[in-house]
Chemist: 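The following block contains the structure, expressed as structure tokens.
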2 protein chains.
Amino acid sequence: MTDELSRKRADARRNRQLITEAARATFAAHGLDVPMRAIARRAGVGPATLYRHFPTKEALIAETFAVQMGRCVATLDAALDDPDPWHGFCSVIEKVCETQAVDRGFTAALLDSMTTDYVRVRDHNARRFAELTRRAKESGQLRQDFVPDDIKLLIMANGGIGAASPAAARAASRRLVALLIQSLRAHPADPPAPLPPPAPLDSHMDVKL
Amino acid sequence: MTDELSRKRADARRNRQLITEAARATFAAHGLDVPMRAIARRAGVGPATLYRHFPTKEALIAETFAVQMGRCVATLDAALDDPDPWHGFCSVIEKVCETQAVDRGFTAALLDSMTTDYVRVRDHNARRFAELTRRAKESGQLRQDFVPDDIKLLIMANGGIGAASPAAARAASRRLVALLIQSLRAHPADPPAPLPPPAPLDSHMDVKL
DNA sequence: AGCGAATCGGAACAGGGCGTCCGTTTGCGC
DNA sequence: GCGCAAACGGACGCCCTGTTCCGATTCGCT
């Protein structure tokens, strides 16, 4: 089964690779709102080449974040296999939020995907996360009034952190997630567990909300 | 002391009023990233008129959110007068977040202001909030490892909610803030206090992060 | 009413981004 | 090596957005 790619010319394959790498890096650093030319430049190709491989910006974005989406699925898999549902539940939130903090475009891609594409994957994940939620409640660790849709709340909130510079965002996200998870426990510890240390949060605004 | 405005022509005053109202409404609904033309249209004036009253978009934004900033100062005043520092502390967070949820541009204006203009006001508020924080810790209600800068964390996180449609954002913000405040208590209740009810969160994406 | 100056607003300018066309270059099978 | 189809990339058109120009209009004073 000679797939589509292997019958293309070698330089075309190489360029496609360069483009996806450039796209990944650029989207991660600056979000989705970067000129296509910037990605082309970074990949060392002309704009036309970029457009020959990906007919539209949306297509490039979809391809670029397909792997991240795959990682989400894997994270959910692992969480559902975890014998401790609360631990699995927390790991999902932590992993997704970590990815958001590291990759600025990921949040935007996630939020779009909630309404646009990836419908299949999204629904599947939603059902599985709901199951994880159910088990975590049943085990008595997750508060009963949590609803699976609250994951969107957490994702959007954590996404807001992405407006900061990448380095600051990582630390800030960890602190935020720790706070949130504490308040999701059915029986919070007293005194509460310590938080990850604070870090200066100098928002380097290239984003306008 | 005949101020600048009253010596201008009546139609000019009226238009200025129309413009600020249009700007307030438009920024609130769609964030700062709206064309100046849209605001002009809503105000029923031409683009040139808009620019005669406000030399640049930034100036319009500054003027538009001056009142909100004023309200922030007032909120802090009230909180510092509150005999219960924890109650005051919570009210600041709740009020600011409520404003963010209702007014989409406010978040962006706040975040810019952290780095750009309003330096005087911001620093003043920061010092006063630090004092409020100190008192809330001293009263034993606020956890000791909270740092005043964490307010930025909360603001940015709550700002992420703004990507949802305004109606959904209000409910979502309330739920998020309730979660966050619970985890800020030095001695969380067991079982934790109930949350505001969940609500569907259909992100109407006109924002790209 | 009549006049001058303040004000208005549509048209135009400048910058930048998305996506396309076309002449040129390059891989690769012979 | 050779030839041709595949692939390339610079230049182009189009649209959107902030901002300015200038002829037409309106206000307000006498």
Side-chain angles (χ1 to χ4, degrees), chain A residues 2-23 26-27 29-64 105 108 112 116 205-209, chain B residues 2-23 26-27 29-64 105 108-109 112 116-117 205-209:
Chain A
T2 52
D3 65 40
E4 291 305 317
L5 284 185
S6 55
R7 59 175 66 245
K8 295 202 162 199
R9 252 168 57 175
D11 56 345
R13 274 200 307 270
R14 197 175 54 88
N15 276 335
R16 187 186 177 90
Q17 180 66 13
L18 288 174
I19 288 170
T20 53
E21 277 166 18
T26 309
F27 285 146
H30 305 296
L32 300 186
D33 223 344
V34 288
M36 290 293 264
R37 284 176 164 73
I39 297 170
R41 240 192 327 272
R42 179 159 190 156
V45 304
T49 300
L50 200 168
Y51 278 98
R52 201 169 310 104
H53 286 283
F54 302 94
T56 173
K57 186 171 186 173
E58 195 177 302
L60 176 60
I61 291 172
E63 168 95 6
T64 301
D112 286 17
T116 314
M205 282 270 105
D206 12 318
V207 216
K208 302 290 179 201
L209 295 181
Chain B
T2 52
D3 64 42
E4 291 307 314
L5 284 185
S6 55
R7 59 174 67 247
K8 293 201 163 199
R9 256 170 52 175
D11 55 346
R13 275 200 308 270
R14 198 175 57 89
N15 276 335
R16 188 189 177 89
Q17 181 66 16
L18 288 173
I19 288 170
T20 53
E21 278 166 17
T26 309
F27 285 147
H30 305 297
L32 300 187
D33 222 344
V34 288
M36 291 292 262
R37 285 173 165 72
I39 297 171
R41 239 193 328 274
R42 179 157 190 158
V45 303
T49 299
L50 200 167
Y51 276 94
R52 201 168 310 103
H53 286 283
F54 302 95
T56 172
K57 185 171 187 173
E58 195 178 289
L60 176 61
I61 291 172
E63 168 94 6
T64 301
D112 285 17
T116 315
D117 205 0
M205 283 269 102
D206 9 321
V207 216
K208 304 287 181 205
L209 295 181

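It should be emphasised that the depicted structure is a prediction, and the values quoted were computed from it without experimental measurement. Below, chain A is the first sequence line, B the second, and so on; all start at residue 1. These values consider heavy atoms only, across backbone and side chains, with no hydrogens, waters or symmetry-generated copies.
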Chemist: Could you tell me how far apart M36(B) (CE) and dG10(C) (P) are, to the nearest whole angstrom?
Modeler: 16 Å

Chemist: Using atom CZ of R14(B) as one end and atom C1' of dT26(D) as the other, report the distance to the nearest whole Å.
Modeler: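 Going from R14(B) (CZ) to dT26(D) (C1'), I get 11 Å.
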
Chemist: Just how far, in rounded Å, is C1' of dG17(C) from CG of L60(A)?
Modeler: 15 Å

Chemist: Among L18(A), L60(A), T20(A), T64(A), which residue satisfies the side-chain contact (heavy atoms from CB on, under 4.5 Å) criterion with I39(A)?
Modeler: L60(A)

Chemist: For the residue pair R41(B) and M36(B), establish whether any side-chain heavy-atom pair is separated by less than 4.5 Å.
Modeler: no

Chemist: Would a 4.5 Å heavy-atom cut-off, applied to side chains only, mark H53(A) and Q17(A) as touching?
Modeler: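 Sidechains of Q17(A) and H53(A): no contact.
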
Chemist: Among residues 47-54 of chain A, which residues get a heavy atom nearer than 4.0 Å to DNA chain C?
Modeler: A48(A), Y51(A)

Chemist: So which atom in L50(B) and which in I19(B) form the shortest heavy-atom distance, rounded to 0.1 Å?
Modeler: CA-CD1, 3.8 Å

Chemist: Quick one: on DNA chain C, does K8(B) or A10(A) contact a more 5' nucleotide (nearest heavy atom)?
Modeler: K8(B)

Chemist: Base of dA7(D), side chain of R9(A) - is there a donor-acceptor contact under 3.5 Å?
Modeler: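 Not at all, since no donor on one side and acceptor on the other fall under 3.5 Å apart.
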
Chemist: Return yes if some donor-acceptor pair links the side-chain N/O of K57(A) with the main-chain N/O of L32(A) below 3.5 Å, else return no.
Modeler: yes

Chemist: Please report the shortest heavy-atom distance between A22(A) and R42(A), naming the atom on each side.
Modeler: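 Scanning both residues, the minimum pair turns out to be CB-CG, 3.8 Å.
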
Chemist: Return no unless some side-chain N or O of N15(A) is found under 4.0 Å from OP1 or OP2 of dA7(D).
Modeler: no

Chemist: Any side-chain N or O of T56(B) below 4.0 angstrom from OP1/OP2 of dG18(D)?
Modeler: no

Chemist: Looking at R41(A) and dG9(D), is any side-chain donor or acceptor paired with a base atom of the opposite kind under 3.5 Å?
Modeler: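 Not at all, since no donor on one side and acceptor on the other fall under 3.5 Å apart.
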
Chemist: Figure out the CG/P separation between D33(B) and dG18(D), and round it to whole Å.
Modeler: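 In whole Å, dG18(D) P lies 8 Å from D33(B) CG.
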
Chemist: Nearest to the side chain of D11(A), which nucleotide is it out of dC8(C), dC27(D), dG27(C)?
Modeler: dG27(C)

Chemist: Spell out, as yes or no, whether a donor-acceptor pair under 3.5 Å connects the side chain of R13(B) to the backbone of K8(B).
Modeler: yes

Chemist: Can you tell me whether the side chain of R37(B) and the base of dG18(D) have a donor-acceptor pair closer than 3.5 Å?
Modeler: yes

Chemist: Could you state the atom-to-atom distance from CZ of R13(B) to P of dT26(D) in whole Å?
Modeler: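 Roughly 19 Å, once rounded to whole Å.
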
Chemist: What is the distance from CD1 of I39(B) to P of dG9(C), rounded to the nearest Å?
Modeler: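 I39(B) atom CD1 is separated from dG9(C) atom P by 16 Å.
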
